[in-house]
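Report on one structure; see the data block that follows.
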Amino acid sequence: MSILEIKNLSIEFGGLKAVDDFNLSLEEGEIIAIIGPNGAGKTTIFNMLTGIYAPTKGSIELNGESLLGLKPYQFAQKGIARTFQNIRLFAASTVIDNVKMAYTHQCKESFFECIFRTPKMVEEERKIDERAMDLLKAFDLESKADILAKNLPYGAQRRLEIVRALMLEPKILLLDEPVAGMITTELDDMAKMVRELRDKLGLTVILIEHHMNFVMPIADRIKVLNFGETIAEGSADEVQNNPDVIAAYLGGGYKNVITNA
Amino acid sequence: MSSRMLDVKDLAVSYGMITAVKGVSFNLDEGEIVALIGANGAGKSTILRTISGLERAKSGSIQFLGKELTKMPAHKIVEAGIAHVPEGRRVFPRLTVKENLMLGANIVKERSIIQQRLERTYLTFPRLKERQAQLAGTLSGGEQQMLALGRALMTGGKLMLLDEPSMGLAPIIVEDIFRIIKEINEAGTSILLIEQNAFLALQTASRAYVLETGLISIEGKSSDLLKDDRVRESYLGA
Amino acid sequence: MKPLIRKLLPILGVVALYYLIMYLKSIKVMNPYHIQVLMFAGVNIMMTISLNIVNGFTGQFCIGHAGFMSLGAYGASIVTTMIFGGFSVAPNLRIPVFLLGLLAGGLVAGAVGLLIGIPTLKLKGDYLAIVTLAFGEIVRATLRLIEPIGAARGMIGIPPYTNFAWVLFFVVLTLIVARNFIYSKHGRACIAIRDNEIAADAMGINTTKYKIISFVFAAFIAGVAGGLYAHIMSFIQPDTFSFVKSSDLLVYLYAGGTGSLTGSVLGGLLLTVLPEALRTFGNLVNWRIVIYAVTLVIIMLYRPLGLCGGKELPLLKINRKHLYEKSIFSKKSVHPSETPN
Amino acid sequence: MKKINVILSVLVLFTLLISVASVTAAETGKTLKIGVVSPISGSAALAGKYIVNGVKLLENELNAAGGVMNNGVLYPIEFVYEDNEAKEDITTNVYQKLIYQDEVIGIVGPDMSKCILAAGTIAQSAGCPAIGTFTTNVAVTQIGDYLFRACFIDPFQGQVAATFAWGEGYKTAAVLYNNADAYSKGLYEAFVQSYEALGGKIVETQAYSGADVKDYNVQLTKIAAAKPECVFMPNLLNEVPLQIQQARANGITVPLIGGDSWDTPEVAQVAGAENIKGSVYISAFSPDNPDPIAQKFVNDFKTAYNGDVPNSNAVLAYEAGAMLVEAIKNAKTVDRAGVRDALAQIQGLALPSGIVTVGEDRNPIKGAAILQYNDQGVATFLKNVNP
Amino acid sequence: MSTLMQFLVYGLQLGSVYALLALGYTMVYGIVGMINFAHGDFLMIGALGTFFLAQAFSSFAVNGTYSGLIVALILFTAMVGTGLIGVGVEAIAYKPLRNRPKMSALITAVGVSMFLENFPRALPFIGPSPRSFPMLFPTKRFQIQGVMISTTQIIMIVLSLVFMFILYNVVNRTKIGSQMRACSMDKDAAQLMGININRVISITFFIGAALAAASGIFYASIYPQVDVYMGGWLGTKSFIAAVIGGIGDIRGAMLGGFIMGITEILATSVNSNLGYAIGFVILILILLFKPAGIMGKLTIDKV
């Protein structure tokens, strides 16, 4: 049984079809990439999958449960976590607080326990702290735990965004251009990290990316969008050689770039 | 014989407590395309922003065609002949394409020149002509990048600073944009290019500087850098 | 033993401060005038902290905070004066009645905060601001029309129960509670909303709920502060709590520095004392407010983030490491980053 | 060098000692301080200006005399002026400061009932006499036996206005009042009560909220439609001129009746002679009062302040100060309690507005003057009304 | 019916004052992104300044009335003078804070407002006294079908509309207008177009303050009394008007101003106790349904 089932997902903005009949069936542990030209509707799909936009039609089912009509925070609580194209960290908070913030709905302390700082609350707080610390350690950020997120280097910020999403204990992770603005070495690190997420945590990953050097080796399946419609779907090889994809997205010089790089 | 157009010496820039650029020197000759490559946070954008006057240098000098730019206000620098296409396009979203382009010609007084430049821009970007009455905010990323380039062309600058023109764009569009960048260069505009995609940058530029944490670590001809082991390992992924 | 000392030291400090001031009063270095200015400063500090929770820590923008203060002032005074009869309360019942009044003031303000928070907290930034301004003015206009509580003439005969000790007690309590709030999941959620609402939402934080919690919590504190104020003044009237009062509070907050409890204490204290201190130059009485205005502008020009923008005294912080120290209550545990791998 | 310093210091000390000794020789008591509280800044700053000027006149007189003589001892008087910004909480601060820091023997002001209602308990519990200048609210002197006032009270004034209106034969009246202001509201209520008791009919009542935009056209249109024979407008002095103008513009031609707040030359200046002529107001004082004391005061005031004519604020502040000075003069012991007792016993004190006696409830027994604006827009004395 | 029409006239006259003042708020907000709390005080400076100017020109007045030319001159001088004060305030108090959190500038504006009110109050030759505003415009009254209307009202309503029309066209059709709009969207990018943003912001403050002066003069012409505190509440009300219309939008400011003026008058006519709070109630109601005001477009934070 698939973990996420998206059927005929469509959305219109002022009569304009931004996404039209998008279908996706995700197996647990899959890494899927959505590629396509700018304005093809990729981020819009992410926004529908996280409840920011309500689709005009179609269905989203997570483990057989429909998520339509829920608020964004409820999508997150159900287990769909995401990162953002333009990094959206809690910039003025420390690294560890960023991670702990994502655990809010799982914290059990009540309001009065909090403002009077009861022993129970302190104990609970310590557990959360340890949990966050474990995650940071796993992603090589533990030495930075107490510095402000905005003072992290760019690559580390991207990493922190993923760590923060993991604190939600998600089933599905959506990565929106995770390697934008990264150089090759950083790009390789990220690819390794995404694979580990799948292998060690069993996470299912959907990613949007223009960097073909990153997408092609990592994705189990690739969906190509243009003007809101799916124009191709398949493995990296299939997609790369699809004439429609080359015409609409990859372009003629693409092979040249990717082989040299 | 090409002559020296831009000469940056020991440039240092800091934001508050953090020094983003720690003493960088490089230069560019008339007609050249020079690339600055490096990881995010290496200080590339800061250098461009300092050249165009959006940031103030802490020390060092920037000579452009014999003029010192470090003390000049940004709008004067545009008049001196520098056109900066900023990172993330930064078109004016609630103005039409044409209004955006006309703002590019803000420093020009003569109508005939404005008209001439507009025609030339439309010739370079036929897409913009089709969309001239559309609000810039409704354009796709690729179109916005074209508009940003077109707007810079309208200023009539002799040196164009390009900050990540390929960022977030589909490969096919990137190809298009870089073809146009070369065209612009061939028509006589010098270009200082920042590009994440080091391979693309080195293919486009004649010379390049590699920046690491606010300092220049490697410099040389593009063809040499393409073969350089350090560059290949960190930036080209070979 | 260390954590115990660390916990008790601030309390001892406050007690020492109290006795120091009482001593200074007894040897006539300080007089009732000084004490009263300090009492107003205390109320203003509470109001500033309350405003800081909404504006500084949750990133919402309330500019009608005097409205909550007035609700608290009236709520508390109705209980102590109209229900329990004010001066005729038996001496041994005065403290319970006073505390009941303050609680009532806080609850009234909190309840109204909830009532208006639910529909309006959806609004963003300056639009929310202007709605809170409108709210403050509507409260004032309404209070002016209610005859039983004196309407525009105001309420007289409120017993002056508030003394310096009470003010100090409530300021310290507010500081502790506010600090605990900020360094808990609630505070983290609020700060997340402030830093990036979209990301907070995407991280499973019910932004509406936490905004309302912070708003109601702040309104409650403002209500208690209003109650204290009424029982210093022993006379209140609706026009005291106008937009002028709200903007004074904003000035205390932003001159002190948002997102910093230290800043709220400093802003509330200094800017309450400054206009009074300027009275020392008797011949400048005509220029007093002009000097105050210029000082304010200069502070903002030279410290745009306020006196302590983003900075906090260690006393008002809960350091993460404290979680791992041997607590006086709970069992020992070790800081994870110090664990040898 | 050191030696010279030492010698100099000794010399200075010596001269100081001599001068101190010579002062004590002339039977001079310690300097007494009187606090003056008024809104120097804020929305009521105009009143503050008149109050300070009124008291300064008294200060000059006392300076000329060297102080107040009590039982053969001359006590120099020093005035401490404080700004209460027309705010209650600031007033309480000012009271505390004057009482405990400056250790004044008594306080003059403030002028607003709301302010003294907040600060009065401080004076009462400290046992420091305080005289409100324009604090017409009944509750003010009920705070305690240390609180006095220099003005008449709201009910009296409302009653005077109602009696006057009825006496002029006006059978119907309309009221425009400020529902955000205690003074205005108090006067409105007293007027309506007295007027209806006399048999008059209130045909229209319109309110507005002060500190607001100064458009009263709607209210005045409605009042005009009700066709009253007179309109009572007991409002604040920065509101009244525009109300008068707008009333006339809305076709209200009947006499307008005001309270003592009208008593400022600015009212007629701003409203315009054309509009204000024929209107009547109740005042504590008329500058036309032929009484020599009144005339001397008016002339002194004019000379001191570029020809400004004193208004009630100035007169009442002057008189509050004068009452305090009189009390110091007669006090059995020159301290706060003594001054309080002497204040309560003031009888037949001749002041610019008339002969003042402090009544049992610490309200002065004094008459009101009724003034009417003539064609030139100058308020002229119509008659005196005594309680 | 005629009473209703009469109230509408009053609403329009009050509304035009609000609208002119709201324009300044909206322009400064749109371009600099700050709420200039001292804006209402520019109204006071304009009105008080006009009072002193009229005094200086009093020798030109015949029987207390001024010729059209002199009035135009006084108006022009007061507007330019206030505009320059606006530019000065921006340069001294707001410019250093331009890249700082906008609350810093707002608090500075509170300080500036206190200063602008209390400095002239403390000056001996100005002081707190209210002053009678001179008759600058002819005051003939007409009766049209039972509705009383004066020439002053007509002149001020018409002139306000003219000012708004000119401003709207300046912003939308001229070069400086497009520079302003560019600055309002992206100051960095605007600089890269060779736009001198300091100049644009100065001009914005100049226009805003000059319009505030105009509204002050009109206000004082129909409510002829000026004092140093007159700007405070008018400023706040106009700010609310600007928000009702959608702050940042010029047409919105005009619309908001007139809505505010007219509803205030109409509510007062229903019950005189309502007039004060009605503006606030309307504001809340409108924002609950249109969270960015009537003309305002909610800028959606793009994810």
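Letters A, B, ... mirror the listed sequences (proteins, then strands); counts begin at 1.
Of the listed residues (Ile173(B), Val174(B), Leu226(B), Ile172(B)), the one with the most heavy-atom contacts under 4.5 Å to chain A is Ile172(B). No other option in Leu187(A), Ile35(A), Thr185(A), Asn151(A) has as many heavy-atom pairs under 4.5 Å with chain B as Thr185(A). Between chain B and the residues Met182(A), His211(A), Glu177(A), the most heavy-atom pairs under 4.5 angstrom are made by Met182(A).
Here Asn213(A) contributes atom CG and Phe199(B) contributes atom CZ; the two are 10.0 Å apart, rounded to the nearest 0.5 Å. Here Glu212(B) contributes atom CD and Ile183(A) contributes atom CD1; the two are 7.0 Å apart, rounded to the nearest 0.5 Å.
Residue contact with chain B, scored on non-hydrogen atoms closer than 4.5 Å, involves the backbone and the side chain of Pro37(A) alike. Both the backbone and the side chain of Ala39(B) come within contact range of chain A, with heavy atoms under 4.5 Å apart. If you measure heavy-atom distances from Ala40(A) to chain B, you find no contacts under 4.5 Å at all.
At most 12 heavy atoms of other shown residues, nucleotides or ligands fall within 6.0 angstrom of atom CZ in Arg120(B). More than 12 heavy atoms of other shown residues, nucleotides or ligands fall within 6.0 angstrom of atom OH in Tyr154(A).
Under the 4.5 Å side-chain criterion, counting only non-hydrogen atoms from C-beta, His210(A) is not in contact with Leu169(B).
Proximity of a side-chain donor or acceptor of Asn38(A) to a complementary backbone N or O of Gly168(B) within less than 3.5 Å is detected.
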